[in-house]
Amino acid sequence: MVRVLAVSDVVEEGLCADIGPARGADLILACGDLPFEYLGYLMNALDVPLVFVPGNHDPDLSGYRVSRAGLTLRAGLPARPPWPDGAISADGRVVDVAGLRIAGLGGSRRYRPGPNQYSDRQQARRARWLAVRIRLRRPRRTRGHRLDVLLTHAPPRGVGDGPDPVHLGFPALNALAGRLQPPLLLHGHVDPDPASRRDYRLGRTLVRNATGWQLLDLDPAAGRVNDITRHHSAR
């Protein structure tokens, strides 16, 4: 069982004042649009790994890669990335952390000039490349699924997304989740109405809006997700 602290979009003043409610987390998964200083605070306070994807309000993180020697490079030269030391960007990548296999696709639909925004066609191309990377990973013999968590900023189309063009989801995420059937898809980007639901289903995948903070137990062997926080959020 892996306990996951999922965060997105909203800096939770309660956690800044007292990290106690989130103690016991084995891993932090961040869905974007949060200051890196805040993410660094969560990492240091809990002393656990953090995996993130960028949101549409985050800086341009393209071009960074990690060499075989473990150095972070940009344009072939050593570079210090803007995210906290030790944090892992999963945007367009597949990573194995804390016993979970996580794949990420950050960004939102393009609605203005700026980074981390994509047309439906561009995100579909990114999703296809991500699916290839997942298929190339060695399968886990003890699990009936190739992926444990799909980490995104925007939601799938029509599955917890918003009615306006900025907050529409990506159809590519519906297709990707439908093909891979991970137990959990975490996203942010959409401010949840307190009277509305946060959870949806795409086949066997639980789709959860992580805006604010959420604490979840994920059993990777069985593919089960248990809610610990009962949908805590500042909003």
Side-chain angles (χ1 to χ4, degrees), residues 1-10 25 27-33 51-53 55 90 94 98-109 120 123-124 126-128 130-131 134-135 139-140 142-164 166-233 235:
M1 191 74 72
V2 181
R3 181 156 292 183
V4 173
L5 172 63
V7 294
S8 190
D9 291 82
V10 177
L27 173 67
I28 303 166
L29 296 180
C31 300
D33 282 356
V51 179
F52 72 95
V53 294
V94 187
L100 298 180
R101 179 160 292 175
I102 303 154
L105 274 182
S108 74
R109 295 183 78 246
D120 285 342
Q123 193 73 321
R126 298 178 76 228
R128 287 194 295 270
L130 184 60
I134 294 168
R135 287 198 300 270
R140 286 83 48 85
T142 59
R143 304 180 194 179
H145 48 274
R146 288 180 174 268
L147 187 69
D148 297 308
V149 182
L150 182 56
L151 187 66
T152 71
H153 181 61
R157 178 69 57 86
V159 185
D161 59 351
D164 59 299
V166 175
H167 295 99
L168 277 179
F170 284 114
L173 297 178
N174 302 62
L176 190 61
R179 183 184 310 163
L180 298 171
Q181 293 288 295
L184 181 62
L185 186 158
L186 290 170
H187 72 87
H189 191 52
V190 179
D191 186 8
D193 185 330
S196 67
R197 55 199 281 204
R198 279 182 180 262
D199 292 350
Y200 294 83
R201 283 277 173 186
L202 274 176
R204 294 194 298 270
T205 300
L206 172 67
V207 179
R208 163 64 64 89
N209 186 335
T211 298
W213 69 281
Q214 313 288 307
L215 204 60
L216 305 164
D217 279 345
L218 175 56
D219 182 346
R224 287 195 299 267
V225 182
N226 296 320
D227 189 7
I228 305 301
T229 51
R230 302 302 174 193
H231 305 176
H232 280 320
S233 175
R235 297 184 182 181

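What you see is a predicted model, and the numbers here were worked out from it, not measured in a lab.
- Between P182 and the options L186, L180, L184, a side chain to side chain contact (heavy atoms under 4.5 Å, CB included) holds for only L180.
- Contacts of R3 classified as side chain to side chain donor-acceptor pair (under 3.5 Å), with partners at least two apart in sequence or in another chain: D217.
- For R201 (side chain) and R204 (main-chain N/O), a donor-acceptor pair under 3.5 Å exists by modelled atom type.
- Taking the ring-ring contact (aromatic ring centres under 6.0 Å, His included) definition, one finds that F52 meets it with F36, W83, sequence neighbours left out.
- Of the possible donor and acceptor atoms, none in the side chain of R135 sits under 3.5 Å from a partner among the backbone N and O of R146.
- Pairing each heavy atom of A127 with each of L176, the nearest pair is O-CD1, 3.9 Å.
- Put simply, the side chain of D9 gets close to the backbone of H189: a donor and an acceptor are under 3.5 Å apart.
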side-chain contact (heavy atoms from CB on, under 4.5 Å), that's the test. Do V149 and R101 meet it? Break it down for me. CA-CA 7 Å; V149 182; R101 179 160 292 175; over 6 Å; no
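- Residues meeting the side chain to side chain donor-acceptor pair (under 3.5 Å) test with N174, sequence neighbours left out: none.
- With sequence neighbours excluded, the residues satisfying side chain to side chain contact (heavy atoms under 4.5 Å, CB included) with A103 are V94, L130, I134, L147, L150.
- For the pair S8 (side chain) and W213 (backbone), a donor-acceptor distance under 3.5 Å is absent.
- Side-chain contact check for D191 versus V10: every heavy-atom pair is 4.5 Å or farther apart.
- Across all their heavy atoms, F170 and G107 have their closest contact at CE1-O, 3.8 Å.
- You'll find the side chain of V53 stays beyond 4.5 Å of the side chain of T152, heavy atoms only.
- A heavy-atom distance below 4.5 Å is not found between the side chains of V51 and I28.
- Here the closest heavy-atom approach between residue L173 and residue P155 is recorded as CD1-O, 3.6 Å.
- Take D120 and apply the salt bridge (charged side-chain N to carboxylate O under 4.0 Å, His left out) test, not counting sequence neighbours, and it matches R109, R157.
- Looking only at distances, a side-chain donor or acceptor of H153 sits under 3.5 Å from a matching main-chain atom of C31.
- With contacts defined as side-chain heavy-atom distances shorter than 4.5 Å, the pair I228/L216 does not qualify.
- Shown here are the side chain to side chain contact (heavy atoms under 4.5 Å, CB included) partners of A175, two or more places apart in sequence or in another chain: there are none.
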side-chain contact (heavy atoms from CB on, under 4.5 Å) between L27 and I102: does it pass, once the steps are laid out? CA-CA 11 Å; L27 173 67; I102 303 154; 3.9 Å; yes
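- Using a distance-only test at 3.5 Å, with no hydrogens or angles considered, no donor-acceptor pair links the side chain of D148 to the main chain of P183.
- V207 pairs by the side chain to side chain contact (heavy atoms under 4.5 Å, CB included) definition with P156, V159, L185, H187, Y200, L202, T205, not counting sequence neighbours.
- L206 CG to R198 CZ: the interatomic distance, rounded to the nearest 0.5 Å, is 12.0 Å.
- Going from atom CG of L218 over to atom CG of L29 covers 9.0 Å, rounded to the nearest 0.5 Å.
- Taking the side chain to side chain contact (heavy atoms under 4.5 Å, CB included) definition, one finds that D219 meets it with M1, A221, A222, R224, sequence neighbours left out.
- Note on residues 172-186: no pairs pass salt bridge (charged side-chain N to carboxylate O under 4.0 Å, His left out), not counting sequence neighbours.
- Summarising the geometry, atom OG belonging to S108 is positioned 10.5 Å from atom CG belonging to L168; distances are rounded to the nearest 0.5 Å.
- Between P171 and G169 the shortest heavy-atom distance is CD-O, 3.7 Å.
- Contact record, P220 with L100: CB-CD2, 3.8 Å, taken as the closest heavy-atom pair.
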